[in-house]
Amino acid sequence: MLIKEFKTPLSGKSVFIGPDSKEDILIMAIESSCDETACAIVKNGREVLANIVASQIKTHQQFGGVVPEVAAREHLESINLVIAQAFEQSGVKPEDLTAIAATVGPGLVGSLLVGLNAAKALAVTYDKPFIGVNHLNAHVCANYIDTELEPPMIALLISGGHTQIIKVDSYLNQEILGETIDDATGEAYDKVARLLGLPYPGGLNLDRMAPSGNPKAYILPQAKVEGKYDFSFSGLKTAVLNLTRKLEKELGYIPKEDVAASFQECITSTLFKKTLKAADDYGIKQIVLGGGVAANSEIRKKFFSLQDKGYKIFAPAMKYCTDNAAMIASSAYFLANTMDSLDIEVFSRC
Ligand code: KG4
Ligand code: ZN
């Protein structure tokens with residue numbers, strides 16, 4: 001049975017949460033780990049009743065990346081508004097909620113504190129259990145939204161700060177099979193985008209540019225790493241830097257579209273090959289994508305092409321790939337890596 005007992009903070013009442021609960025579970029969640037202030041209300045881990053995201057893209061665009069102090073201040077300005085809008089959009093009243101969840105980490109400490117403290121305050125005010133959520137786990141759980149997906153599955157988590165291949169045996173049990181030993185996938189995208197002079201958010205803009213270039217124009221290196229499911233992308237970033245310098249010198253300009261397409265081909269085929277190897281090695285036919293880079297058109301194309309070969313592929317809808325609170329609520333409901341003490345502190349790294 002996958003169900004866990006939580007206590008309400010004031011009256012100490014027992015509340016049971018999990019996929020085996022017979023009651024409907026309504027979770028409000030808050031996400032503020034980086035540059036989106038988000039609040040959502042999700043029923044039974046899969047049905048989104050409200051999903052509000054206040055993006056800070058415009059603010060950080062002028063700096064070419066996220067400035068932590070500015071992000072924290074913007075979260076403070078938006079947090080009450082996104083909570084109010086989530087209640088309004090869903091028509092749910094605070095007393096109808098089963099629990100309040102929030103991202104605890106990893107992320108920017110000043111930003112995380114804003115969301116976590118708001119969630120704790122709501123939990124105490126309305127006497128609802130508090131559930132702390134791991135942001136990375138939530139990116140994988142985004143695949144449960146609007147689907148009937150059940151483990152086992154191999155998850156490829158590709159975000160701005162992380163790259164992992166995870167074997168998800170059940171809702172609760174998972175094992176990290178491999179990860180990046182240096183740059184994360186999103187980080188590599190953002191750094192290469194900056195080299196090409198593309199504006200923040202780099203990954204998305206590079207993805208938009210790549211289809212107009214030739215992915216075979218330049219052969220870039222796929223790093224050899226010891227662990228068979230591990231990755232290394234810092235050499236790739238340096239190779240792109242050297243290539244752009246060479247092209248600039250030889251041609252007097254950089255064929256940006258071709259460089260973008262060649263980089264995208266190199267990084268997505270590495271991710272694809274290793275994830276597929278993990279799935280085949282463990283005999284698991286279900287593969288799910290998660291994290292901001294799961295929104296990437298080429299990565300989705302590569303993985304979804306496996307459906308003709310007997311694999312089941314899941315990727316969250318675009319709005320649930322990049323940071324959002326619906327995935328936090330879903331993660332709280334499915335219980336893996338959750339924390340329930342009001343004393344819990346934010347953490348920046350895993
Ligand atoms: O998961 P996420 O929203 O935040 C973190 O938890 O890190 O991921 C953000 C990352 C950024 O590096 C961003 O450039 C990248 O996801 N990203 C993309 C695309 N959309 C977002 N990378 C490649 N192609 C995209 N379409
Ligand atoms: Zn994220």
Side-chain angles (χ1 to χ4, degrees), residues 29-38 40 51 53-57 60-61 64-66 68 71 75 102-108 111-112 115 133-143 155-164 179-180 183-196 198-211 215 233 236-237 260-261 263-272 288-303 315-328 330-331 337 346-350:
I30 295 175
E31 151 66 33
S32 68
S33 66
C34 189
D35 56 349
E36 338 267 7
T37 323
N51 182 45
V53 182
S55 168
Q56 302 179 3
I57 284 184
H60 298 294
Q61 222 154 27
V66 179
H75 284 305
T103 308
V104 180
L108 303 170
S111 294
L112 286 164
V133 170
N134 178 303
H135 183 87
L136 301 184
N137 194 69
H139 270 305
V140 175
C141 289
N143 286 285
L156 173 64
L157 168 72
I158 33 182
S159 73
H162 296 84
T163 300
Q164 295 179 339
E179 58 197 329
T180 180
D183 292 355
T185 310
E187 193 181 351
Y189 261 93
D190 294 338
K191 285 177 176 168
V192 169
R194 207 169 304 150
L195 280 178
L196 296 178
L198 298 173
Y200 165 88
L204 174 64
N205 286 312
L206 197 152
D207 186 20
R208 285 189 180 146
M209 174 179 264
F233 296 128
L236 172 59
K237 174 195 67 195
F263 162 77
Q264 176 144 290
E265 175 54 29
C266 179
I267 195 161
T268 57
S269 53
T270 307
L271 293 164
F272 177 75
V288 310
L289 308 176
V293 191
N296 182 268
S297 57
E298 182 59 29
I299 202 103
R300 291 174 92 97
K301 197 166 96 192
K302 280 195 164 67
F303 277 97
M318 294 298 185
K319 61 184 170 190
Y320 302 131
C321 284
T322 43
D323 290 345
N324 65 89
M327 68 179 192
I328 307 298
S330 181
S331 189
N337 283 316
V346 300
F347 62 94
S348 61
R349 297 182 150 269
C350 282

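Note that the structure is a prediction, hence the values are computed from the model and not measured. Note that ligands are numbered from 1 as they come in the structure, with each ligand's atoms numbered from 1 the same way.
- Atom 26 (N) of ligand 1 has its closest protein heavy atom at Asp207 OD2, 2.9 Å.
- Contact check for His139 versus Ser331: no side-chain heavy atoms found under the 4.5 Å cut-off.
- Protein heavy atom in closest approach to atom 2 (P) of ligand 1: Asp323 OD1, 3.4 Å.
- Put simply, CD on Gln264 and CD1 on Ile267 are 9.0 Å apart, with the number rounded to the nearest 0.5 Å.
- Looking at Tyr189 next to ligand 1, no N or O pair under 3.5 Å apart turns up.
- For Pro201, no nitrogen or oxygen atom sits less than 3.5 Å from a nitrogen or oxygen atom of ligand 1, counting backbone and side chain alike.
- Between the side chains of His75 and Thr37, a donor-acceptor pair is found at a separation under 3.5 Å.
- Between Pro316 and Asn143, the closest heavy-atom pair is CD-OD1, 3.3 Å.
- Between Pro199 and Asn205, the closest heavy-atom pair is O-ND2, 2.9 Å.
- Checking Thr163 against Thr185 by side-chain atom types alone, a donor-acceptor pair falls below 3.5 Å.
- Among the heteroatoms counted here (N, O or S) of Asp323, OD1 is the one nearest to the Zn ion (ligand 2).
- Listed by number with element, the atoms of ligand 1 under 4.0 Å from a non-hydrogen atom of Gly161 are 7 (O).
- Between Asn134 atom CG and Cys141 atom SG the span is 9.5 Å, to the nearest 0.5 Å.
- With a heavy-atom cut-off of 4.0 Å, Glu36 does not touch ligand 1 at all.
- An N or O contact shorter than 3.5 Å links Gly203 to ligand 1 by distance.
- Note: Ser33 OG to Asp323 CG = 4.5 Å, rounded to the nearest 0.5 Å.
- Nearest protein heavy-atom contact of atom 21 (C) of ligand 1 is Gly292 O, 3.4 Å.
- Between Thr322 and ligand 1, no pair of N/O atoms sits closer than 3.5 Å.
- Side chain of Arg300 to main chain of Ala294: a donor-acceptor pair is present (N/O by atom type, distance under 3.5 Å, no hydrogens or angles).
- Less than 4.0 angstrom separates some heavy atom of Gly160 from each of these atoms of ligand 1: 5 (C), 7 (O), 8 (O), 9 (C), 10 (C), 12 (O).
- Note: angle at the Zn ion (ligand 2), from NE2 of His139 to NE2 of His135, is 90° (rounded to 10 degrees).
- Here His135 has side-chain heavy atoms under 4.0 Å from ligand 1, and that is the only part of it that gets that close.
- The closest heavy-atom contact to atom 11 (C) of ligand 1, among the options Asp190, Val293, Asn296, comes from Asp190.
- Per-residue contacts place Gly186 under 4.0 angstrom from the following atoms of ligand 1 (heavy atoms of the residue considered): 12 (O).
- In terms of heavy-atom proximity, Ile57 sits nearest to Tyr200 at O-CE2, 3.8 Å.
- Side-chain contact annotation: Thr268 with Glu298, donor-acceptor N/O pair under 3.5 Å absent.
- Look at Cys34 and the Zn ion (ligand 2): no N/O/S atom of the residue is under 2.8 Å from the metal.
- Near Ala295, with a cut-off below 4.0 Å to any heavy atom, the atoms of ligand 1 are 26 (N).
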